[in-house]
Participant: 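Have a look at this one before I ask anything.
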Amino acid sequence: MKKNLYEEFDNILDLWMQKLASVENGYKKLLENTERNTSEIKYGTASSYLGYFCPSLVLDKITSGFSKGRLLKSMPENKDGKRIIYDIDNNGKLLRIQDINSFGTIVETFIIREGNTEFSVIFLDKKLTASYSSSTRTIYENGKLARFDIIGNSSMWSEIYTYNPNDDKKVECKQYYYVPNLNGSSKSIPLGMKGSPAQLFIMEIDLDSKGKVVKIEHSEFIEEQKILTFTYKK
């Protein structure tokens with residue numbers, strides 16, 4: 001993380017707009033890659049962002065209304081026609097999500113991989129859209145989740161993970177919520193102070209032997225103090 005967090009966040013938002021511009025006319029190429037590499041199709045229940053494959057360790061634990069959904073053994077027989085379809089490659093990696101609503105409208109989320117980074121881009125009616133839902137960026141280091149960003153038109157949610165080198169069941173997550181043009185805010189105001197365009201939440205995470213989250217101590221950074229707000233227990 002840079003010393004000037006606001007500058008770093010602004011740079012990420014700028015780079016993301018460049019990424020969207022680079023794939024704006026790339027639907028055909030993304031579709032061909034998906035069709036060529038899909039080895040398995042899975043179905044799921046209603047979900048948000050990357051659904052069942054969302055890498056965040058905390059999002060479904062701390063966010064009201066957010067759900068990763070669950071996988072189904074076969075295509076759901078919903079009378080309203082709603083369904084979630086996941087295209088998976090032979091390594092178990094997500095290639096595309098098709099979110100089909102009751103009107104038959106298909107929203108497609110494609111995954112683009114560049115080294116240790118994964119981007120999601122969303123197409124509605126084969127056209128890139130940044131307004132239907134926020135896109136994501138996921139970064140891995142040494143096979144572990146290092147960062148998960150949800151990037152929208154006017155805000156960014158970032159989760160940055162630090163693993164305890166002495167205890168593989170302990171993880172810290174610093175979660176930032178940044179709104180660059182927040183009314184009444186100023187980038188001259190430090191993080192955690194009233195009037196800052198960003199909030200910082202610090203989570204101490206306990207994992208079980210299978211790497212599943214069993215406890216989160218959730219705190220907010222306010223006026224240079226870490227204040228415990230709630231505790232999640234499975």
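Quick caveat, the model's predicted, so the values are computed rather than measured. Side chains are part of it too, since the values below use all heavy atoms of this structure and drop only hydrogens, waters and symmetry mates.
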Participant: Using a 6.0 Å cut-off, check whether atom CG of Asn181 has over 12 heavy atoms from anything other than its own residue.
Facilitator: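 At most 12 heavy atoms, drawn from other residues, nucleotides or ligands, come within 6.0 Å of this atom.
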Participant: State plainly whether one hydrophobic cluster holds both Tyr49 and Ile139, where clusters connect Ile, Leu, Val, Met, Phe, Trp and Tyr through side-chain heavy atoms under 4.5 angstrom apart.
Facilitator: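 Unlinked, Tyr49 and Ile139 end up in two clusters.
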Participant: What are the two closest heavy atoms between Tyr86 and Leu50, and how far apart are they?
Facilitator: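 Heavy-atom minimum between the residues: CE2-O, 4.1 Å.
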Participant: Do the side chains of Asn116 and Glu141 get nearer than 4.5 Å, heavy atoms only?
Facilitator: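 No, side chains not in contact.
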Participant: As an exercise, state the distance from OG1 of Thr34 to CZ of Phe110, rounded to the nearest 0.5 Å.
Facilitator: 5.0 Å
Participant: Taking atom types as modelled and ignoring hydrogens, do the side chains of Tyr6 and Ser196 form a donor-acceptor contact shorter than 3.5 angstrom?
Facilitator: yes
Participant: Sequence neighbours left out, what passes side-chain contact (heavy atoms from CB on, under 4.5 Å) with Lys19? Give chain and number order.
Facilitator: Trp16, Ser22, Glu114, Phe119
Participant: Is any side-chain N of the basic residue among Glu8 and Arg147 closer than 4.0 Å to the acidic one's carboxylate O?
Facilitator: yes
Participant: Report yes if the side chains of Thr129 and Phe123 come closer than 4.5 Å at any heavy-atom pair, otherwise no.
Facilitator: no
Participant: Using 30° and 60° as the class boundaries, would you call the ring planes of Tyr177 and Trp157 parallel, tilted or perpendicular?
Facilitator: perpendicular
Participant: Is there side-chain contact between Leu94 and Ile88, with at least one heavy-atom pair below 4.5 Å?
Facilitator: yes
Participant: Pro180: what forms a side-chain contact (heavy atoms from CB on, under 4.5 Å) with it, not counting sequence neighbours?
Facilitator: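 Asp10, Leu13, Tyr178, Lys187.
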Participant: Is the NZ or CZ atom of Lys144 both under 6.0 Å from the centre of the six-membered ring of Tyr161 and within 45° of that ring's axis?
Facilitator: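 The answer is no; the distance or angle limit is not met.
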Participant: Quick one: which of Lys215, Lys170, Lys234 gives a side chain to side chain donor-acceptor pair (under 3.5 Å) with Asp206?
Facilitator: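 Of all the options given, the one that passes is Lys170.
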